[in-house]
Enquirer: 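Submitted below is the structure of interest, expressed as structure tokens.
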Amino acid sequence: MSRVTTQDLVDVEGVFDDLQKYSTYVDGGCRREGAAFEFATARPPSASIEDKHSFVAHQDGYPVGLLDIIDGYPLLGTAFIGLLAVRENLHGAGLGRDLYTQAETFIRDDLEARVIRLSVVEANPVGGFWKRMGFVPTGEWKPYEVQTVASRLILMEKLICSPAK
């Protein structure tokens with residue numbers, strides 16, 4: 001996994017091109033124009049650009065996944081995963097689990113956060129994956145409406161331990 005630079009935006013677009021089911025669940029149709037730029041730059045108003053960490057994962061030089069993390073959101077000591085996605089034709093190969101494991105290590109060791117949060121669009125059937133990774137629903141949710149999708153954002157959380165020193 002490597003940090004996304006402007007030179008990587010073509011690779012990021014390529015991964016988004018292969019996320020057709022995700023785009024249907026989350027956006028109600030084809031992927032959004034400018035998805036790569038948004039992935040690399042979008043962040044909550046309270047987060048600075050330094051808090052944004054976007055990665056692209058490669059396998060044999062081929063871009064296979066994306067990871068977006070916001071440090072200190074919504075609170076200090078918390079990291080928020082905005083997106084973890086693997087090319088749909090590679091689902092079931094363990095790449096999502098591997099990418100998440102790298103994310104957790106980065107969050108724990110580099111960002112020194114002890115809580116990871118994320119939200120899942122209820123229409124997107126990935127909640128089981130996140131539960132297998134150790135996340136639990138917080139009981140919080142927010143309405144989610146975009147284009148033709150009316151759903152809910154379900155907030156999930158995982159507490160992580162400090163690394164052994």
Side-chain angles (χ1 to χ4, degrees), residues 1-74 78-107 110-111 113 116-130 132-133 135 142-156:
M1 142 176 119
S2 59
R3 288 186 181 272
V4 171
T5 67
T6 54
Q7 291 78 26
D8 298 311
L9 293 181
V10 170
D11 284 349
V12 172
E13 288 286 352
V15 175
F16 273 111
D17 285 343
D18 194 28
L19 298 177
Q20 295 160 353
K21 288 180 185 175
Y22 168 82
S23 294
T24 299
Y25 296 138
V26 174
D27 293 328
C30 298
R31 75 166 173 82
R32 285 174 259 168
E33 287 298 316
F37 181 77
E38 182 180 328
F39 166 78
T41 61
R43 60 192 189 280
S46 63
S48 72
I49 195 67
E50 291 81 20
D51 297 327
K52 172 83 170 183
H53 304 277
S54 300
F55 301 92
V56 61
H58 292 87
Q59 186 176 56
D60 300 323
Y62 180 68
V64 295
L66 304 172
L67 173 64
D68 167 44
I69 300 169
I70 304 291
D71 185 23
Y73 181 78
T78 300
F80 192 90
I81 296 177
L83 179 69
L84 185 151
V86 172
R87 286 182 181 267
E88 290 171 3
N89 64 325
L90 297 172
H91 283 187
L95 295 174
R97 179 181 303 276
D98 291 346
L99 190 54
Y100 172 72
T101 299
Q102 291 177 61
E104 184 174 313
T105 299
F106 173 76
I107 289 166
D110 293 33
L111 301 182
I116 305 173
R117 293 193 84 175
L118 55 87
S119 61
V120 174
V121 176
E122 194 171 42
N124 185 359
V126 297
F129 169 82
W130 290 113
R132 288 189 303 278
M133 297 303 107
F135 284 80
K142 297 177 182 179
Y144 178 82
E145 291 188 37
V146 61
Q147 296 181 25
T148 61
V149 176
S151 189
R152 300 185 308 168
L153 288 174
I154 306 298
L155 287 152
M156 300 181 83

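Residue numbers run from 1 in the order of the sequence given.
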Enquirer: Can you name the closest pair of heavy atoms from Ala40 and Leu9 and give their distance?
Expert: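 Scanning both residues, the minimum pair turns out to be CB-CD2, 4.1 Å.
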Enquirer: For the pair Lys52 (side chain) and Ala42 (backbone), establish whether a donor and an acceptor sit closer than 3.5 Å, ignoring hydrogens and angles.
Expert: yes
Enquirer: Say whether Asp98 and Thr101, considering side chains only, have a donor N or O and an acceptor N or O under 3.5 Å apart.
Expert: no
Enquirer: Is Asp17 paired with Arg87 through a side-chain N to carboxylate O contact shorter than 4.0 Å?
Expert: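 The answer is no: the pair does not qualify as a salt bridge.
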Enquirer: I need the Leu99 CG to Leu84 CG distance, nearest 0.5 Å.
Expert: 4.0 Å
Enquirer: Quick one: pull up CZ in Arg117 and CG in Leu155 and give me the separation to the nearest 0.5 Å.
Expert: 5.0 Å
Enquirer: State the CD1-CG distance between Ile69 and Leu111, to the nearest 0.5 angstrom.
Expert: 6.5 Å
Enquirer: List the residues meeting side-chain hydrogen bond (donor to acceptor under 3.5 Å, both in side chains) with Arg43, not counting sequence neighbours, and say none if there are none.
Expert: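 Partners of Arg43 under the side-chain hydrogen bond (donor to acceptor under 3.5 Å, both in side chains) test: none.
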Enquirer: Would you compute the distance between atom CD1 of Ile81 and atom OH of Tyr100 and round it to the nearest 0.5 angstrom?
Expert: 5.5 Å
Enquirer: Do we see a donor-acceptor contact under 3.5 Å between the side chains of Asp110 and His53?
Expert: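 Judged by distance alone, the side chains do not pair up.
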Enquirer: According to ring pair (Phe, Tyr, Trp, His ring centres under 6.0 Å), who are the partners of Tyr73, at least two apart in sequence or on a separate chain?
Expert: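 Tyr73 satisfies ring pair (Phe, Tyr, Trp, His ring centres under 6.0 Å) with Phe80 only.
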Enquirer: Does any part of the side chain of Leu67, heavy atoms only, come nearer than 4.5 Å to the side chain of Gln102, both counted from C-beta?
Expert: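 Side chain of Gln102 against side chain of Leu67, heavy atoms only: no contact under 4.5 Å found.
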Enquirer: Kindly compute the distance separating CD1 (Ile70) from CG (Leu118), expressed to the nearest 0.5 Å.
Expert: 13.0 Å
Enquirer: How far apart are the closest heavy atoms of Arg97 and Phe129, and which atoms are they?
Expert: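 Heavy atoms only, the tightest pair is N-CE1, 3.9 Å.
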Enquirer: Pick one: which of Thr41, Leu83, Asp68 meets side chain to side chain contact (heavy atoms under 4.5 Å, CB included) with Ser54?
Expert: Asp68
Enquirer: How far apart are the closest heavy atoms of Ala113 and Ala79, and which atoms are they?
Expert: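 Heavy atoms only, the tightest pair is CB-N, 4.0 Å.
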Enquirer: Keeping Thr78 on the side-chain end and Pro74 on the backbone end, is there a donor-acceptor pair under 3.5 Å?
Expert: no
